[in-house]
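A short write-up of the structure that comes next.
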2 protein chains.
Amino acid sequence: MTNRIEAQIRAKGLRLTGQRKLIAQVVASAHDHPDVPELHRRVAEEDDRISLATVYRTMKRFEELGILERHEFRDGRARYEPAAKRHHDHLIDVDTGTVIEFRSEEIERLQAVVARELGFDLVGHRLELYGRRRTARKES
Amino acid sequence: MTNRIEAQIRAKGLRLTGQRKLIAQVVASAHDHPDVPELHRRVAEEDDRISLATVYRTMKRFEELGILERHEFRDGRARYEPAAKRHHDHLIDVDTGTVIEFRSEEIERLQAVVARELGFDLVGHRLELYGRRRTARKES
DNA sequence: ATAACTGCAAACTTTTTGCTCGATG
DNA sequence: CATCGAGCAAAAAGTTTGCAGTTAT
C-alpha cells in the first residue's frame with residue numbers, strides 16, 4: 001500500500017528503497033511526535049538491520065524536500081511530522097509530554113503585524129504553548 | 001561595583017565566588033544573547049582559568065533560582081539573559097542572527113485563551129518570530 | 001552501469017558529571 | 001571548619017560523516 005509519503009519520494013526523484021518505504025510507513029502512522037531514536041526503534045521492530053544513521057539521513061532528506069516538517073520542543077530533540085496537513089502550532093502537556101496541535105488565525109495574523117511593525121517580513125515562526133490539563137479539583 | 005545579579009546571588013544564599021562575580025558581570029553587560037561557549041570565551045578574556053564546566057554549572061544554577069532565563073532558538077544552543085526585565089518574546093533576524101525583543105499583550109492574551117479552549121492552564125510558552133529586514137527595493 | 005543509498009564506526013557538539021582539591025561564609 | 005564550588009577529564013546524548021560495499025533505476 002503506497003502512502004502519500006512514498007508518492008512524494010518518487011515525485012522528488014529520490015530512490016524508493018526498502019528502508020525509506022518502511023520509514024515512511026512508520027512516520028505516516030505515528031500520531032504522536034516521536035524523536036529520531038524512537039522512530040528508529042519502531043522501524044527496527046520491523047527490520048532490525050536498518051541503522052540509526054539511515055533514519056537520521058532519511059529524516060533530513062525528507063525535510064529538505066518538504067516531505068516532513070521538523071520541530072524541536074524544549075527537550076532539544078528533533079521531531080518530525082508529515083508536512084501534508086495545513087500549518088498549525090503545538091501545545092505540549094507538561095505532565096505527559098503529549099503534543100496537541102492547534103491553529104489560531106488570530107495569533108498568526110498578529111505575528112505578521114508585530115514583525116512588520118519591527119521592520120521585518122515574517123519568514124517563519126515557532127509557537128509552543130506549555131500547559132497543564134485542567135481538572136475540576138486541585139491535586140497535590 | 002555590585003550589579004543586580006550579584007545581589008541576587010547573595011539573596012538566594014549562593015556563595016559569591018570570584019567566578020560567579022565575573023560571569024554575572026559578563027552576562028549583565030551582554031546585550032546580544034550569547035550561548036554558553038561564547039560566554040565562556042568572554043569570561044576567559046578576563047580570567048582564563050575559569051572552566052567551561054563552571055560556566056555551564058553557573059548558568060544552570062542561576063536559571064534554577066530565577067536569576068536568568070534560558071532560551072533556545074533554532075540552532076539548539078542554550079542562551080541566557082537576566083530575568084529582571086519584564087516578559088517578552090523574540091524576533092530573530094534570519095540573515096544576521098540578531099535577536100530583537102518584543103512584547104504583544106494581544107498575543108499573550110490569545111495564547112491563554114487558546115490553551116483554555118483546549119482544556120489546559122497555560123504554564124509557559126515559547127514564541128519566536130523569524131524575519132528578514134524589510135528593505136525599500138528587492139535584492140538578489 | 002552508475003549514481004544514489006546503506007551500514008558501520010568514528011567523530012562532533014553541546015552539555016553533564018564524578019572526583020578531588022580549594023575557597024567561602 | 002563544614003560545605004559549597006571549581007577544575008579537569010571523562011561521559012552522555014543526539015546527530016553527522018568518511019568509507020566501502022550494495023541497490024534502485
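Note on naming: letters A, B, ... go to the chains in the order of the sequence lines (proteins, then strands), and numbering restarts at 1 for each one. In this text, all values refer to a predicted model and were calculated from it rather than measured experimentally.
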Original post:
Rounded to whole angstrom units, what separation is found between the NZ atom of Lys21(A) and the P atom of dT6(C)?
Top reply: 13 Å
Original post:
Parallel, tilted or perpendicular: which fits the ring planes of His71(B) and His88(B), with parallel below 30° and perpendicular above 60°?
Top reply: tilted
**OP:** Can you tell me the distance, in whole Å, between the CD1 atom of Ile9(B) and the P atom of dG25(C)?
**Re:** 10 Å
Original post:
Rounded to whole angstrom units, what separation is found between the CE atom of Met59(B) and the P atom of dG5(D)?
Top reply: 14 Å
Original post:
Expressed in angstrom and rounded to an integer, what is the separation of Glu72(A) atom CD from dA13(D) atom C1'?
Top reply: 13 Å
**OP:** Start with the C-alpha distance between His31(A) and Glu81(A), add both sets of side-chain angles, then the distance that settles side chain to side chain donor-acceptor pair (under 3.5 Å), and finish with yes or no.
**Re:** CA-CA 9 Å; His31(A) 292 296; Glu81(A) 67 180 334; over 6 Å; no
**OP:** Please determine if a side-chain N or O atom of Gln19(A) lies less than 4.0 Å away from the OP1 or OP2 oxygen of dG7(C).
**Re:** yes
**OP:** On DNA chain C, check which nucleotide each of Arg70(B) and Thr58(A) is closest to and give me the residue with the more 5' one.
**Re:** Thr58(A)
Subject >> Interatomic distance, Ile23(B) CD1 vs dG5(D) P [rounded to whole Å] >> reply: 12 Å
Subject >> Spacing of Tyr130(A) atom OH and Ile92(A) atom CD1 [to the nearest 0.5 Å] >> reply: 4.0 Å
Subject >> Leu22(B) CG - dA23(C) P separation (whole Å) >> reply: 17 Å
**OP:** Let me see the working for Asp32(B) and Val99(B) under side chain to side chain contact (heavy atoms under 4.5 Å, CB included), right down to the final yes or no.
**Re:** CA-CA 7 Å; Asp32(B) 46 352; Val99(B) 176; over 6 Å; no
Subject >> Phosphate contact (dG5(D) OP1 or OP2) by Arg20(B) side-chain N/O below 4.0 Å >> reply: yes
Original post:
Does any non-hydrogen side-chain atom of Phe62(A) lie less than 4.5 Å from one of Ile5(A)?
Top reply: yes
**OP:** Report, as a single string ordered 5' to 3', how protein heavy atoms within less than 4.0 Å touch nucleotides 17-25 of chain D: B base, S sugar-phosphate only, - not at all.
**Re:** BB----BBS
Original post:
Quick one: does NZ or CZ of Arg79(A) land under 6.0 Å from the six-membered ring centre of Phe73(A), within 45 degrees of the ring axis?
Top reply: no
Subject >> Donor-acceptor pair between Glu38(B) and His33(B) side chains, under 3.5 angstrom >> reply: no
Subject >> Residues clustered with Val114(A), ILVMFWY side-chain links under 4.5 angstrom >> reply: Leu91(A), Ile100(A), Phe102(A), Ile107(A), Leu110(A), Leu118(A), Phe120(A), Leu122(A), Leu127(A), Leu129(A), Leu91(B), Ile100(B), Phe102(B), Ile107(B), Leu110(B), Val114(B), Leu118(B), Phe120(B), Leu122(B), Leu127(B), Leu129(B)
**OP:** Rounded off to whole Å, could you give me the CD-to-P distance for the Glu38(B) and dT15(C) pair?
**Re:** 13 Å
Original post:
CZ of Arg61(B) versus P of dT17(C): gap in Å, rounded?
Top reply: 12 Å
Original post:
Leu52(A) near the nucleic acid: base, sugar-phosphate alone, or nothing, with a heavy-atom cut-off under 4.0 Å?
Top reply: base
**OP:** Let me see the working for His90(B) and Glu128(B) under side chain to side chain donor-acceptor pair (under 3.5 Å), right down to the final yes or no.
**Re:** CA-CA 5 Å; His90(B) 300 93; Glu128(B) 290 150 28; over 6 Å; no
**OP:** Could you list by number each residue of residues 73-81 of chain B showing a heavy-atom separation from DNA chain C of less than 4.0 Å, or answer none if no residue does?
**Re:** Arg77(B), Ala78(B)
